[in-house]
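Whatever order the structure lists them in is the order used to number ligands and atoms, beginning at 1.
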Amino acid sequence: MCGIVGYSGKADAAPVLLEGLARLEYRGYDSAGIAVLNCGAFSVVKRKGRVDALAEARSLPGHLGIGHTRWATHGAPCERNAHPHVYRNICIVHNGIVENARALRAECEVRGEAFASETDSEVIAHLVAFSYGQRGDLLAAVHAACQKLRGSWAIAVMCSDLPARIVCARMRSPLIVATGKEECLIASDVPAVAAPGRLVYVQEDGEYAQVDGGHVAFYDAALRPVSKRPVACDPHTDLPQKGGFTHFMAKEMSEVPQALLHSAIGEDDRQYLQLFKVLCQTQYIYIVACGTAYHSGLCAKLAFEEFARIPAEVCFASEFRYRTPIFPKNSLVIAVSQSGETADTLAAASLAKACGIRVLAVVNVPHASLTRLADHCVYTDAGREVAVAATKSFQAQLASLYSLAALAAKARGRQAPSLAGLPALARETLAVSQAVRAWTPYFVGARSVFFVGRGADYCAALEGSLKFKEITYLPSEGYPAGELKHGTLALVDASTPVVVVLTCRRLAEKTLNAVHEVSARGANVFLVTNFSCDTGGNVRAGVLLPRCEEAYSPALSVIPLQALAYYVALACGNDPDKPRNLAKSVTVE
Ligand code: G6P
């Protein structure tokens, strides 16, 4: 989703901004722009499409600038709506949504101010310009403007009167400041600016930052100075490389075995004892998450119930945040998020905290907002995930969540099966999953595709379907195999590919009923299984995975489904790394 970069220092700002924006590209965006201040005038270059299209801006002179990648919310993705927005002597970039933009815009129009874009963000430039005209102080003007905003924002503001200054404000959208030798950088995300020798400070909600060359000062919501400590972070955030793969998605799928290995929680882990204590006390679990993380939550629920006998409920964070949930005694909320910045997941976790409930975050990105909000944090160790569609982070979340379920079981004197063999099995699964490439012709151009299964296989089917629709743009649905006949079967005909996930032996006969039901309607059935079963010749093609513990099977069975989505996306001519309309980190509601 939208990304922000800013620079104030001795170097030319434009190349630094372009490099920072390139590092943020993975978040997903549809237009980009930079503005550089030189001799009291802003030079602005904005383009629809990729950051590459800004190449001509590289030679803009000036040592102060801000840049942005925009993911359209208000107004179409086009040059006019791209950031930065300039109004009079003020230039801004904004991440988030100004919910009361229409009313604020009307106020500005009453003053005779004209707008150049359809965005909600432009109103911020107008408000700051108005206040700056009254107060003559940029920090005070940004503060005054923020008092009028509703919604979420990370803002960076320049004024053409101030050759080295950027003022930043943050509310529910991430922002960081990095200081180096006689220079300061700001960004929405650590990888955009972290480098050896730079110190990174995380701005909190309601705080303001004022940057001037190598100096930064932070202020609280009442503009009182606050002192901050830099956070420890990996300074080696070079542009991610594809390492010989054609796409990041292919590379990241190949990293599933390591993700499983590194994300399992072992007895020698620092937080092992603390988590054990938390889980000893836990009697009810809510898992809140979005997208792929929601699906890993569904898989984990089954493990918590089966191994630890703890009741667990999985909620879309976007729904949970507006519920009035009943928290039984000793409830624990587990918030799962690859980025740790998903606005809905943060809001769901905040709701739990406000109700006095403990929150445990399962997050892949260090220093993410969710980690600071949560009482306890488990870092999945999948490594950086660049492709918008999550792959290895799904299995990493499973490894962490299954470990927590095993720990909860232990806390109750029960035993869960070991996860130790999963990485090696994942390697085998990756090898056999290449076979699904041959299935591609049956899927390209399909009117609808179904992914079905029961129990843990249903969870895998949901994730397989999500991956498929995200990057192929073909309609697909994940469905419980037993529910087909209650509606979905009406949609099945000879043109419908149906992927059946069957690793749950106990329910094999039941799931095979679904195979018969759909093949009787002429559907092409594709089977993902880990045992040989009699399908009565009703299956067009299948892939045989290595056997594993039934409850853990989604960690493997999703692999061929990820591969299927990838190959079909390629056959459709899509870029699997950057699917249209989607963003890696969804920082708005
Ligand atoms: C977006 C991404 C998905 C991801 C979801 C949740 O929709 O495109 O891949 O699963 O957000 O993201 P999170 O960072 O909270 O796991």
> Between Glu204 and Arg372, does at least one N-O distance fall below 4.0 Å, as a salt bridge requires?
Replying inline: yes
> How many angstroms lie between CG in Asp30 and CZ in Arg70, if you round to the nearest 0.5 Å?
Replying inline: 6.5 Å
> Would a line drawn from the ring center of Tyr402 to the ring center of Phe307 be shorter than 6.0 Å?
Replying inline: no
> With a 4.0 Å cut-off, would you call Glu255 and Lys251 a salt bridge?
Replying inline: yes
>> Taking Glu252 first and then Arg384, would you say they form a salt bridge - that is, a charged N and a carboxylate O separated by under 4.0 Å?
In response: no
> Mind checking what residues have non-hydrogen atoms under 4.0 angstrom from ligand 1?
Replying inline: Cys290, Gly291, Thr292, Ala293, Ser337, Gln338, Ser339, Thr342, Val388, Ala390, Glu470, Ala583, Lys584, Val586
> From Ile92 CD1 over to Cys168 SG, what is the distance, rounded to the nearest 0.5 angstrom?
Replying inline: 12.0 Å
